[in-house]
Amino acid sequence: MSALLLLRTCRSSSIAGIYKYTYQGTTIANHTCNHRLSSTEAAAASVQLANAGGLVGYWQTLSNSTPVAYMQDVLIKIHDYSGLPWWASIVLSTFLFRSVVTLPLTIYQHKITARIEKIALEMPAIVEELKKEAAMAKHKFKWSEKQTQIVYRRSIKKQWQNLIVRDNCHPMKTMIVLWGQIPLWIFQSVALRNLVYMLPDPTSIQAQIVTTEMTIGGFGWIPNLTVVDNSYILPVALGLINLAIIEVQAMSRTRPSTRLQNIANNVFRGLSVVMVPVACTVPSALCVYWVASSSFGLAQNLLILSPEVRRSVGIPKTQTELSEPYDLLWLKIQQRLRLAERAPADKPAAK
């Protein structure tokens with residue numbers, strides 16, 4: 001603990017000024033700093049290898065971007081003020097960011113989906129009325145069948161758009177979670193990569209101290225967060241959690257899956273599997289973040305299934321809402337494992 005406090009003290013500009021650094025094969029006057037650099041030698045070598053491979057352009061632009069710089073600063077502040085080891089700081093920051101960004105967006109997305117489902121119930125009566133009007137107009141104005149169908153389809157589209165405007169529930173808003181979650185995931189991943197590899201400025205004493213803290217800021221079987229998880233526990237856990245998220249979403253549907261939904265599920269299943277070997281090649285700090293983020297996502301999806309939780313956050317009740325979602329999930333899991341017979345139909349919530 002005293003060593004960590006000393007390292008944090010070295011971040012001040014007054015102390016930082018006494019260190020004299022030379023790089024690329026030269027020696028360092030201070031023996032403590034020399035030990036610090038040797039602990040991150042593998043990370044620096046990885047950066048040089050990436051640069052030699054021609055990846056400088058894309059990664060340098062992203063790692064030097066303003067959002068990533070702000071994210072790095074926030075991660076360091078969370079670690080310093082919380083006093084937690086780096087692995088716990090990464091988990092804490094992940095839960096904090098997702099609670100502030102993606103959780104509200106997820107709730108809003110479910111509200112939009114519920115509104116769309118409700119206005120869809122109004123359409124059958126509107127469609128019947130438009131059919132009658134189209135038949136009358138065809139007879140009155142001597143329209144052909146083709147002309148009548150064109151006017152009829154335009155009328156249906158206009159009525160649907162009017163309902164969407166009335167309830168402020170454009171279908172594009174159902175993608176709002178991705179608009180927030182994907183940038184957050186990218187910026188935090190790149191920020192952690194920068195902290196591990198002492199980027200964007202490897203000569204910065206703060207960058208070197210943070211990296212050194214990460215070498216002793218792990219837990220259990222991964223005490224060093226700057227190296228890969230050779231046990232493969234975190235990469236495999238990442239793949240399993242991501243697959244669990246996909247299966248929970250699929251099993252919680254009360255309507256038969258469309259062809260597009262089946263294709264999307266298979267694509268995401270494939271990506272979940274692909275992420276396992278990717279996670280085996282990145283520093284453990286990134287694996288800890290990815291596992292924490294996916295765990296939050298799984299818990300969030302399970303929590304939002306509860307009718308009580310949905311009412312408490314203002315999500316309207318719909319016909320397809322599950323009255324006993326957790327019992328249904330457990331039954332479907334048993335059916336997948338062939339421990340129970342398949343039910344003829346899933347029971348949605350009562351009106």
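What you see below is based on every heavy atom in this structure, not just the backbone, and it leaves out hydrogens, waters and symmetry mates.
Remark: Ala244 pairs with Leu298 by the side-chain contact (heavy atoms from CB on, under 4.5 Å) rule, at least two apart or across chains. Under the ring pair (Phe, Tyr, Trp, His ring centres under 6.0 Å) criterion, Phe296 pairs with Phe95, sequence neighbours left out. When the side chain to side chain donor-acceptor pair (under 3.5 Å) test is applied to Thr106, the partners found at least two apart in sequence or on another chain are Gln300. Residues passing the side chain to side chain donor-acceptor pair (under 3.5 Å) test with Asn64, sequence neighbours excluded: none. Ala137 pairs by the side-chain contact (heavy atoms from CB on, under 4.5 Å) definition with Phe141, Trp143, not counting sequence neighbours. Not counting sequence neighbours, the partners of Glu122 by the side chain to side chain donor-acceptor pair (under 3.5 Å) test are Arg166. Under the rule for a side-chain contact (heavy atoms from CB on, under 4.5 Å), the partners of Ile186 that lie at least two apart in sequence or sit in another chain are Leu62, Ile182, Val190. Judged as a side chain to side chain donor-acceptor pair (under 3.5 Å), and not counting sequence neighbours, the contacts of Asp73 are Lys77. Taking the side-chain contact (heavy atoms from CB on, under 4.5 Å) definition, one finds that Val74 meets it with Ile78, Phe97, sequence neighbours left out.
Sorted by first and then second residue, the side-chain hydrogen bond (donor to acceptor under 3.5 Å, both in side chains) pairs involving residues 152-163 (not counting sequence neighbours) form an empty list.
Ile263 belongs to a hydrophobic cluster whose other members, connected by ILVMFWY side-chain contacts under 4.5 Å either directly or through intermediates, are Ile246, Val267, Phe268, Leu271. Residue Ile304 shares its hydrophobic cluster (ILVMFWY side chains chained together at separations under 4.5 Å) with Leu103, Ile107, Val313, Ile315.
Annotation: Tyr232, atom OH; neighbour count of heavy atoms from other residues, nucleotides and ligands within 6.0 Å does not exceed 12. Trp221 CH2: more than 12 foreign heavy atoms inside a 6.0 Å radius.
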